[in-house]
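Sequential numbering from 1 along the given sequence is applied to the chain's residues.
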Amino acid sequence: MIPDYILRMRKHIGHDLLWLPSVSAVVRNDAGELLLGKRADDGRWSVVSGIVEPGEQPATAVAREVREETGLDVEPIRLTSVVSHPHTYPNGDRCEYLNLGFECRLLGGDARVNDDESEAVEWFTPDRLPALDAHARLVIEQALGGTAETFYLPAGTAWDDRDLPR
């Protein structure tokens, strides 16, 4: 669901670029499978992601987004990536997201489509993931990479899908 404040801004700026804070969640179940949602806007599989609302802390936002989109309760346990990346929606709206990727612990609930942002919610083994965009691959790779350090693109580096993990 698009927050009201963004809908109000879009009335003034149309499809022009918006700079927005966002969060993404990498959630695994007891079998080690990864939670993915199939986006309703473009039909692609992705990690659960969403916009941080004004006055909201990123850890609160990531838990809220997972609950809203999947019905699952999670606890963010580690910040794994910080990157900005562009996104153009099918309706032409352009955004540049400053995204914080979190590894999250599953606390409970049953994975299900819980709102109109997803067509499906499923668990996938890490070796049998569906096609994912570069940002989703990067967030997953950093969460599962086994390092305690948070990933970021080095100073002077621009986002370029061709140079990111496949």
Side-chain angles (χ1 to χ4, degrees), residues 1-6 18-42 44-87 89 95-130 132-154 157 159 161 164-165:
M1 183 167 69
I2 301 171
D4 288 340
Y5 77 97
I6 292 177
L18 279 178
W19 174 255
L20 296 169
S22 67
V23 291
S24 294
V26 175
V27 182
R28 288 185 283 180
N29 62 18
D30 290 340
E33 298 167 314
L34 293 167
L35 177 69
L36 298 177
K38 189 172 186 181
R39 298 173 56 98
D41 61 359
D42 64 10
R44 295 187 61 145
W45 287 98
S46 189
V47 292
V48 176
S49 300
I51 297 168
V52 180
E53 296 184 5
E56 186 177 42
Q57 292 298 320
T60 302
V62 76
R64 175 184 53 76
E65 286 291 343
V66 173
R67 180 78 170 130
E68 286 177 358
E69 293 183 25
T70 71
L72 295 172
D73 292 315
V74 299
E75 174 187 23
I77 57 173
R78 187 169 66 93
L79 179 65
T80 58
S81 60
V82 177
V83 294
S84 69
H85 68 97
H87 187 81
Y89 288 91
C95 297
E96 176 85 17
Y97 286 109
L98 175 58
N99 184 263
L100 307 175
F102 287 90
E103 179 183 5
C104 296
R105 176 181 301 125
L106 178 62
L107 300 176
D110 295 314
R112 64 186 185 284
V113 173
N114 207 40
D115 67 11
D116 61 357
E117 292 183 41
S118 300
E119 293 178 0
V121 174
E122 291 183 29
W123 296 100
F124 293 88
T125 59
D127 61 338
R128 299 191 56 89
L129 297 176
L132 299 169
D133 67 20
H135 179 258
R137 289 191 311 270
L138 182 140
V139 170
I140 291 169
E141 179 179 286
Q142 297 311 312
L144 303 182
T147 179
E149 296 177 11
T150 302
F151 174 85
Y152 56 89
L153 293 173
T157 304
W159 179 268
D161 288 356
L164 295 172

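Residues meeting the side chain to side chain donor-acceptor pair (under 3.5 Å) test with Tyr89, sequence neighbours left out: Tyr97. Listed by chain and number, the residues in a salt bridge (charged side-chain N to carboxylate O under 4.0 Å, His left out) with Arg44 amount to none (sequence neighbours excluded). Contacts of Ala143 classified as side chain to side chain contact (heavy atoms under 4.5 Å, CB included), with partners at least two apart in sequence or in another chain: Val26, Thr80, Glu103. With sequence neighbours excluded, no residue forms a side chain to side chain donor-acceptor pair (under 3.5 Å) with Ser118. Applying the side chain to side chain donor-acceptor pair (under 3.5 Å) criterion to Thr125, with sequence neighbours excluded, gives Asp127.
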When the side chains of residues 30-40 are checked against the rest of the protein, which donor-acceptor pairs come out under 3.5 Å, sequence neighbours left out?
from: Glu33; atom 1: OE1; to: Asn29; atom 2: ND2; distance (Å): 2.7
from: Arg39; atom 1: NE; to: Asp41; atom 2: OD1; distance (Å): 3.0
from: Arg39; atom 1: NH2; to: Asp41; atom 2: OD1; distance (Å): 3.3
from: Arg39; atom 1: NH2; to: Asp41; atom 2: OD2; distance (Å): 2.6

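Smallest separation of non-hydrogen atoms from Gly71 and Arg112: CA-NH1, 3.6 Å. Closest approach of Ser49 and Glu69 over heavy atoms only: O-OE2, 2.9 Å. Gly101 and Val139 make their closest contact through CA-CG1, 4.3 Å (heavy atoms, listed as atom of the first residue, atom of the second, distance). The two atoms that bring Pro58 and Val23 nearest to each other are O-CG1, 3.7 Å, heavy atoms only. Here the closest heavy-atom approach between residue Ile51 and residue Pro3 is recorded as CD1-CD, 4.1 Å.
Counting non-hydrogen atoms of neighbouring residues, nucleotides and ligands closer than 6.0 angstrom, the OH atom of Tyr5 exceeds 12 such neighbours. Counting heavy atoms of neighbouring residues, nucleotides and ligands inside a 6.0 Å radius, atom CG of Leu98 exceeds 12 of them. Within a 6.0 Å radius of CD in Gln57, no more than 12 heavy atoms belonging to other residues, nucleotides or ligands are found.
Looking at Ser46, its side chain never comes within 3.5 Å of a backbone N or O of Ala136 through a donor-acceptor pair.
Residues Ile6 and Leu20 are in side-chain contact: their nearest non-hydrogen atoms beyond the backbone lie under 4.5 Å apart. At a threshold of 4.5 Å between non-hydrogen side-chain atoms, the residues Arg67 and Asp73 count as touching. Counting heavy atoms from C-beta outward, Val74 and Val62 have side chains that stay 4.5 Å or more apart. Considering only heavy atoms from C-beta on, Val27 comes within 4.5 Å of Trp123 through its side chain.
Ring geometry for His135 versus His85: interplanar angle under 30°, hence parallel rather than tilted (30 to 60°).
Comment: Glu141 does not engage Arg137 in a salt bridge, judged by the lack of any side-chain N to carboxylate O separation of less than 4.0 angstrom.
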